[in-house]
Number of protein chains: 2
Amino acid sequence: MATAPDSGKPTAAQALAPDRHRKASDQSIYDAIYEAVLTQRLPPGSRLPEVALSELFGVSRSIIRKALTRLASDHVIEQRPNQMAMVARPDVEETRQIFAARRLVEGEVMRLTAGTLSKARLQELKRLVKDEKSAHQSGRDQDRVHCSMEVHRFLARHCPNQVLGRMMRELVLRTSIVIALYKSPGMSACFLGDDHARLAELIAQGKGDQAADLAHRHLRALEDLLDLNEADTTIDLARILRPET
Amino acid sequence: MATAPDSGKPTAAQALAPDRHRKASDQSIYDAIYEAVLTQRLPPGSRLPEVALSELFGVSRSIIRKALTRLASDHVIEQRPNQMAMVARPDVEETRQIFAARRLVEGEVMRLTAGTLSKARLQELKRLVKDEKSAHQSGRDQDRVHCSMEVHRFLARHCPNQVLGRMMRELVLRTSIVIALYKSPGMSACFLGDDHARLAELIAQGKGDQAADLAHRHLRALEDLLDLNEADTTIDLARILRPET
DNA sequence: GCGCCACCCGGTGTATACATTTCGGGCTCG
DNA sequence: CGAGCCCGAAATGTATACACCGGGTGGCGC
């Protein structure tokens, strides 16, 4: 327990409220939790009791368990035997690996996607970037995070290589989790200058290599903003238990 | 039906026989099916009825369903509503994407892994390569495929970046599936010269870039051995239905 | 004889009952 | 007074009952 802030104590179910009392498929439940984690309404460590969720969504535990199994398979939540599922809390080492993997995959996705988008798609993309900026300026943080994620997810969704696209979406989500976990207080997560706008421009112009390079630097800068000093877990414990001099 | 050879008609359950009559966890069932698909004992399109599996492993359908859900999540099997699960049968386009993704990921894994393996680990690796060669020479194809897969999986397992390592294992499995699907008759799948031996050598010497390059060419050559001409599915149908001249 | 339709069977989808485990509060004993 | 044990609430783990769906087959009508 000493290693974890342990987050909200009851169950963070209010973040999933909208479609209450309506029969939901396991896909819609999966989506609801996925979206809530992505937009950081469900912070890392949030507990997800099966019974509470089954009552919330108006289905039996079977459906809930299927959704949770899939979420665990995607590393969104952690499931340990006989314990409640909780939103994943990757350690510092895994965080670095996630960023490294995402740089590799997202770079290639940029390269493949550049120059392949229709005019209509480019309009959509620029709209997302614009919405993000306006949300940022008017301080609607919830919206800003949502749009920021959607920029990356949009590019992943429209990558010609959908195998890579899927991987990238998974990595975007895991990145969102570790940002929520390790961000320094007050940092403007993932709004670094107008990187997204410039990225969209390079994609539109078909400059794949430059887009990949920008994405690479974007992600590196993002990682550098995080508070990734170990100094936790076992080390703290040892220092606390050491007799004072 | 016209598009599929439809594989073995009953249920290819004999490929999973070993641990019959023993209570099995969903993990062990997952592993059994995973391994059977990996070594091509369960060819693409094989049907996996829940009841048959539950009897085979001596557990209820709940456990089976959990294992199947996870396998579907990993793209090992396809699950459609109210139909039996079956081993995945990716189309030609997805096959190309899988290879492209794997080249990207495996190349980076080689780069990261080169020079990081202990002497003992290098011994293991060389042993695998040796076993593969001997299996090849004595014509034990089952063993050869197993060892060949294990070479790649071994490297993935010991990559310093385990996030990438996991992705690579998933891609190795999917590659195995599409090889089983599209290999030209009689080809020696994934035994291209002594690529694996040379790869092991480069890894041992810490030459990451060269290892990545070799892996890249290895996979390219492998893809080229496949029979990836479309000419199936809808096109054949159109030609068949066209009135003769 | 040839189609069409109703039935049946084998499969998955969902809910629920029951077993098992974990964690914590409070009692008891040293 | 404190440490340890016991027990119960609440969660998950598993099995099972039943509903539903889809495909194949046999009979019936034309």
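As a whole-Å value, the separation of B:Phe57 CZ from D:dA15 P is 14 Å. Rounded to an integer number of Å, the gap from CG of B:Leu48 to C1' of C:dT12 is 14 Å. B:Met84 has its CE atom 13 Å from the P atom of C:dG10, to the nearest Å. Atom CZ of B:Arg65 is separated from atom P of D:dA15 by 14 Å (rounded to the nearest Å). Between B:Lys66 atom NZ and D:dT14 atom C1' there is a gap of 11 Å when expressed in whole angstrom units. The CG-P distance, from B:Leu53 to C:dG11, rounds to 11 Å in whole Å. For A:Gln27 and C:dG13, the CD to C1' distance is 16 Å, given to the nearest whole Å. The separation between A:Glu50 atom CD and C:dA15 atom P is 14 Å, rounded to whole Å.
Minimum atom distance to the side chain of B:Ile63 is reached by D:dT14, of the listed D:dT14, D:dA11, C:dA15. In this structure, the nucleotide among C:dT12, D:dT12, D:dA15 sitting nearest to the side chain of B:Pro49 is C:dT12.
Within the 4.5 Å cutoff, the side chain of A:Asp131 has no heavy atoms near those of the A:Asp143 side chain. The shortest distance between side-chain heavy atoms of A:Leu71 and A:Tyr30 falls below 4.5 Å.
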Could you pull out every donor-acceptor pair under 3.5 Å between side chains of residues 154-171 of chain A and any protein atom, sequence neighbours left out?
unit_1   : atom_1 : unit_2   : atom_2 : d
A:His158 : ND1    : A:Phe154 : O      : 2.9
A:His158 : NE2    : A:Arg121 : NE     : 3.3
A:Asn161 : OD1    : A:Val163 : N      : 3.0
A:Asn161 : OD1    : A:Leu164 : N      : 3.1
A:Asn161 : ND2    : B:Gln97  : O      : 3.3
A:Gln162 : NE2    : A:Ala156 : O      : 3.4
A:Gln162 : NE2    : A:Arg157 : O      : 3.0
A:Gln162 : NE2    : A:Cys159 : O      : 2.8
A:Glu170 : OE2    : A:His75  : ND1    : 3.3

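For the residue pair A:Asp74 / A:Tyr34, no side-chain donor-acceptor distance below 3.5 Å is found, with atom types taken as modelled. For the 3.5 Å distance criterion, the side chains of B:Arg102 and B:Thr175 qualify, holding a donor opposite an acceptor. Checked by atom type, the side-chain pair B:Glu132/B:His146 shows no donor-acceptor distance below 3.5 Å.
One finds no side-chain N or O of B:Ser62 lying less than 4.0 angstrom from the OP1 or OP2 phosphate oxygen of D:dT14.
Scored by the salt bridge (charged side-chain N to carboxylate O under 4.0 Å, His left out) test, B:Glu223 finds B:Arg103 as partners (sequence neighbours excluded).
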Provide a list of protein-nucleic acid N or O atom pairs under 3.5 angstrom, restricted to nucleotides 17-22 of chain C.
none

